[in-house]
Protein chains: 2
Amino acid sequence: MGIVERKIRQKEEIRSSILKAAWQLVIEEGWQALSIRKIAEAIEYSVPVIYDHFANKEAILLELTKQGFRILNDELVKAKKRSSIPEKQIEAMAYSYWEFAFENKAYYQVMYGLGMPSCEIVNQIPELSTFSALILQPIKDLIAASKNTAADPFLKLHTFWSMLHGLISINMMNNNQGKEELNQMVIHDFITGFISGIKG
Amino acid sequence: MGIVERKIRQKEEIRSSILKAAWQLVIEEGWQALSIRKIAEAIEYSVPVIYDHFANKEAILLELTKQGFRILNDELVKAKKRSSIPEKQIEAMAYSYWEFAFENKAYYQVMYGLGMPSCEIVNQIPELSTFSALILQPIKDLIAASKNTAADPFLKLHTFWSMLHGLISINMMNNNQGKEELNQMVIHDFITGFISGIKG
DNA sequence: TACTTTTGCTAACGCTGTTAGGTAATATAG
DNA sequence: CTATATTACCTAACAGCGTTAGCAAAAGTA
């Protein structure tokens with residue numbers, strides 16, 4: 001009697017249709033706009049059915065996040081295979097990671113919870129340019145005194161700020177508890193690397 | 001007749017009390033839990049009053065974001081003043097930025113929209129450790145072949161991932177349009193810096 | 001055929017951002 | 001000092017959200 005098998009199969013089908021619909025909505029309107037009711041309408045079931053398959057909305061997002069990491073992982077594996085030289089592998093994986101992020105923006109944003117109130121909020125903050133200038137000057141000075149005086153200070157500023165932000169946000173995600181000495185090393189590693197990168 | 005002045009002053013007072021209450025709530029419960037109704041209750045006014053001072057909820061968050069950047073800016077200015085040597089300035093500002101982020105977590109999270117569904121979501125993703133191992137191996141290889149064989153591969157992995165994430169998220173925030181060549185330079189800059197940082 | 005389990009629904013609870021419309025207090029003009 | 005205009009403020013609602021209780025119908029089992 002394949003009845004239970006069929007039932008399991010049907011349940012599985014609903015589950016995957018929920019994920020599919022959710023993903024469609026995320027792509028179309030961003031994960032901010034994702035709602036249980038919209039998913040229910042898309043799969044042509046009533047709302048409570050969704051709760052037979054997922055504990056809550058977060059569980060759905062979590063599943064999409066996992067999907068994203070699996071895809072990313074596959075990409076990285078592919079990239080790594082292209083060479084057996086460690087530095088080439090690292091390089092290829094970095095590019096691959098980068099490409100994944102921009103070719104699968106929706107995934108990356110779900111994975112890291114990016115894109116809050118509105119991403120363009122940044123452009124409404126004049127204070128931002130103020131402190132850009134603040135960091136820009138010493139970078140220019142450093143470039144002027146370096147071996148490569150043709151280096152682009154704006155690029156360096158952008159890199160500086162971005163990397164620092166990355167270090168902080170990953171640390172905040174992991175809710176770093178009692179890892180003070182690790183943090184000290186991380187940021188020290190970053191600063192010395194950045195400065196020596198300019199000096200050439 | 002200082003009547004209009006008094007009225008302006010009173011309006012200003014309500015406005016700042018809104019921001020104050022909002023900030024209090026953000027600190028206590030995180031910006032996810034911030035709601036117009038809670039603010040209204042806190043300032044002991046009805047809900048629509050808030051809309052006399054701010055166009056919408058986002059405008060309130062934006063104001064808090066601006067506050068955050070102003071405070072951060074002041075910190076950076078202070079840090080910069082401690083030296084006149086460019087690299088010392090950059091170093092001091094990096095540390096200052098880092099400290100600001102962790103001493104003012106709430107601000108930093110509002111500023112960059114951090115902390116989505118739940119920050120601990122990351123710990124529920126086994127896929128994460130899979131691809132950690134993926135990147136870890138070539139890093140270990142590279143360290144083994146470098147001048148500093150005592151370097152911590154986990155630290156390097158952490159740094160690698162964090163920086164890359166920072167570059168990507170800042171780029172996504174700025175909604176990078178037609179800046180392909182800039183992106184190419186940014187990531188190239190990062191990779192070469194990272195690898196040469198390990199090689200020593 | 002009678003009973004049990006599964007399946008799916010309606011309707012509600014308590015939130016959310018936002019706004020329409022009305023009332024009461026205040027300020028201005030005659 | 002009264003009448004008018006303005007401002008300040010509130011109640012109540014709309015439309016949406018995540019989540020769940022409780023019930024009806026269908027499907028499977030005996």
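Order of the sequence lines fixes the chain letters, A, B, ..., with proteins taken first and strands second; residue numbering starts at 1 for each chain.
Put simply, CD1 on Ile60(B) is 9 Å from P on dG17(C), counting in whole angstrom units. The CG atom of Leu25(A) sits 10 Å away from the P atom of dC17(D) (whole-angstrom rounding). Put simply, CH2 on Trp31(A) is 16 Å from P on dC17(D), counting in whole angstrom units. As rounded to whole Å, 9 Å separates atom C1' of dG16(D) from atom NZ of Lys38(A). One can place CZ of Arg15(A) at 18 Å from C1' of dT7(C), the figure rounded to the nearest angstrom. Atom CD1 of Ile50(B) and atom P of dT19(C) are 13 Å apart (whole Å). Between Asn56(B) atom CG and dG16(D) atom P the separation is 18 Å, expressed in whole Å. At whole-Å resolution of the value, CD1 in Ile43(B) and C1' in dA8(D) are 13 Å apart.
Of the candidates dG18(D), dG8(C), dG17(C), the closest approach to any side-chain atom of Ile36(A) belongs to dG18(D). Across dG8(C), dG18(D), dC17(D), the shortest atom-to-atom separation from the side chain of Tyr51(A) is found for dG18(D). With dG18(D), dC10(D), dT18(C) as the choices, the nucleotide that has an atom nearest any side-chain atom of Arg37(A) turns out to be dG18(D). Closest to the side chain of Pro48(A), out of dA11(C), dG8(C), dC10(D), is dA11(C). For Val49(B), the side-chain atoms get nearest to dC9(D) when compared with the rest of dT19(D), dG8(C), dC9(D). Nearest to the side chain of Lys11(A), among dC9(D), dT18(C), dT7(C), sits dT7(C).
For His188(A) and Tyr95(B), the side-chain atoms include no donor-acceptor pair closer than 3.5 Å. Inspection of the Gln24(A) and Glu28(A) side chains reveals an N or O donor paired with an N or O acceptor under 3.5 Å. Side-chain polar atoms of Tyr108(A) and Tyr97(A) form a donor-acceptor pair below 3.5 angstrom.
In this structure, Ser35(A) reaches the sugar-phosphate backbone alone: every heavy-atom distance under 4.0 Å involves primed, P, OP1 or OP2 atoms, never a base. Among the heavy atoms of the strands, none lies under 4.0 Å from Asp52(B). Residue contacts for Leu34(A): at a heavy-atom cut-off of 4.0 Å it reaches the sugar-phosphate backbone alone, with no base atom in range. Heavy atoms of Tyr45(A) sit under 4.0 angstrom from primed sugar atoms or phosphate atoms, though from no base atom.
The aromatic rings of Tyr112(B) and Trp161(A) sit perpendicular to each other, their planes meeting at more than 60°, with 30° as the lower class boundary.
For the pair Ala55(A) and Ala33(A), nearest-nucleotide mapping onto DNA chain D gives the more 5' position to Ala33(A). Each of His53(A) and Val47(B) lies near DNA chain C, and the nucleotide nearest His53(A) is the one positioned closer to the 5' end.
To the nearest 0.5 Å, atom NZ of residue Lys140(B) and atom CG of residue Leu157(B) are 10.0 Å apart.
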